[in-house]
Amino acid sequence: MAERVMFVQLKTGHNTDKGPAWVSRVRFNKSWKTAYWHGKTLHRWPGMFDANFYDVETHEEYWLSGPHRDQADTRYSNIRPEIDDDVREVYEAFLRGAPLPGREHG
């Protein structure tokens, strides 16, 4: 199962880009259509407005993407994500120019 450090933002119940956000470790299945994060199972679904995954249990919608080095992860707000403790060191190194694990070659 692939693991990536990702930017995750809750979209359901919040104005555009105003929901809480995290930088977290996310596991993906082989097809990259299912993500496992914070005890949730998220499924990729094309065609959602402003989201690319939904929680299979609650149907809440999320945006998952690789974090941006300039920390401009949201399009229309300046929400800063909560950084999970288990990725803090890797994420801070990324902000200083290091590649993220699993992304060493792009």
Side-chain angles (χ1 to χ4, degrees):
M1 198 167 287
E3 263 189 13
R4 293 287 190 272
V5 174
M6 303 290 291
F7 173 81
V8 179
Q9 187 173 31
L10 175 62
K11 296 296 188 161
T12 299
H14 300 278
N15 280 336
T16 304
D17 285 348
K18 304 274 188 207
W22 302 263
V23 172
S24 299
R25 189 172 315 278
V26 179
R27 293 180 304 122
F28 291 90
N29 72 346
K30 191 173 183 176
S31 69
W32 293 84
K33 292 182 179 180
T34 303
Y36 304 94
W37 169 77
H38 284 196
K40 298 177 181 296
T41 299
L42 308 176
H43 189 73
R44 184 182 302 271
W45 193 260
M48 287 189 290
F49 176 76
D50 205 36
N52 56 359
F53 282 83
Y54 72 94
D55 184 321
V56 298
E57 198 170 296
T58 67
H59 300 284
E60 291 177 313
E61 296 180 358
Y62 290 86
W63 178 258
L64 277 68
S65 67
H68 295 169
R69 195 165 270 126
D70 65 2
Q71 297 180 295
D73 295 295
T74 60
R75 295 173 293 168
Y76 306 115
S77 75
N78 59 359
I79 298 284
R80 291 290 176 224
E82 179 180 325
I83 313 303
D84 287 358
D85 288 339
D86 67 328
V87 300
R88 185 173 306 281
E89 187 175 317
V90 169
Y91 180 65
E92 288 174 355
F94 166 72
L95 294 178
R96 293 189 304 270
L100 288 170
R103 298 274 177 117
E104 291 86 354
H105 304 291

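A donor-acceptor pair under 3.5 Å links the side-chain atoms of D17 to the main chain of Y76, judged by distance alone. With hydrogens and angles ignored, the 3.5 Å screen pairs a side-chain donor or acceptor of T58 with a backbone N or O of E60. Using modelled atom types, one side-chain atom of Q9 and one backbone atom of G19 make a donor-acceptor pair closer than 3.5 Å. Checking side-chain atoms of R69 against main-chain N and O of A98 turns up a donor-acceptor pair under 3.5 Å. In terms of modelled atom types and a separation under 3.5 Å, the side chain of R44 and the main chain of A35 share no donor-acceptor contact. Side chain of N29 to main chain of K33: a donor-acceptor pair is present (N/O by atom type, distance under 3.5 Å, no hydrogens or angles). The backbone N or O of P20 lies less than 3.5 Å from no partner atom in the side chain of H14, so there is not a single donor-acceptor pair. Side-chain atoms of R25 never come within 3.5 Å of backbone atoms of R4 as a donor-acceptor pair (strictly under, hydrogens ignored).
Looking at L100 and P67, their side chains come closer than 4.5 Å, going by heavy atoms from C-beta outward.
The salt bridge (Lys or Arg N to Asp or Glu O under 4.0 Å) search around D70 returns none, not counting sequence neighbours.
Hydrophobic clustering (ILVMFWY, side-chain heavy atoms < 4.5 Å, transitive): V90 and V23 are in one cluster. W22 and V26 fall within a single hydrophobic cluster, where Ile, Leu, Val, Met, Phe, Trp and Tyr side chains are chained together by heavy-atom contacts under 4.5 Å. Cluster membership check: I83 does not share its hydrophobic cluster with I79, using side-chain heavy-atom separations under 4.5 Å among Ile, Leu, Val, Met, Phe, Trp and Tyr. Each of L10 and F7 belongs to its own hydrophobic cluster when Ile, Leu, Val, Met, Phe, Trp and Tyr are linked at side-chain heavy-atom distances under 4.5 angstrom. Grouping the Ile, Leu, Val, Met, Phe, Trp and Tyr side chains by contacts below 4.5 angstrom, directly or via other members, places V5 apart from F28.
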(message) Quick one, L42 with T34, criterion side chain to side chain contact (heavy atoms under 4.5 Å, CB included). Give me CA distance, side-chain angles, the key distance, then yes/no.
(response) CA-CA 6 Å; L42 308 176; T34 303; over 6 Å; no
- request: Begin from the C-alpha positions of L95 and Y91 and carry the test side chain to side chain contact (heavy atoms under 4.5 Å, CB included) through to its verdict.
  value: CA-CA 6 Å; L95 294 178; Y91 180 65; 3.6 Å; yes
Please determine whether side chain to side chain contact (heavy atoms under 4.5 Å, CB included) holds for the pair S24 and H38, giving the CA-CA distance in whole Å, both sets of side-chain angles, and the decisive distance to 0.1 Å. CA-CA 9 Å; S24 299; H38 284 196; 3.4 Å; yes
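For the atom pair Y54 OH and T41 OG1, the distance stands at 10.5 Å (nearest 0.5 Å). Rounding to the nearest 0.5 Å places CG of L64 at 6.0 Å from CG of N52. Note: T74 OG1 to H68 NE2 = 9.5 Å, rounded to the nearest 0.5 Å. Between the CZ atom in F53 and the NZ atom in K40 there is a gap of 14.5 Å [rounded to 0.5 Å].
Among all heavy-atom pairs drawn from A51 and E61, the shortest one is CB-CB, 3.6 Å.
Grouped by direct or indirect side-chain proximity (heavy atoms under 4.5 Å, Ile/Leu/Val/Met/Phe/Trp/Tyr only), Y36 sits with M1.
Between W37 and Y62, a ring centre-to-centre spacing shorter than 6.0 Å is recorded.
In the model, H43 has no side-chain atom that pairs as donor or acceptor with a side-chain atom of D55 under 3.5 Å.
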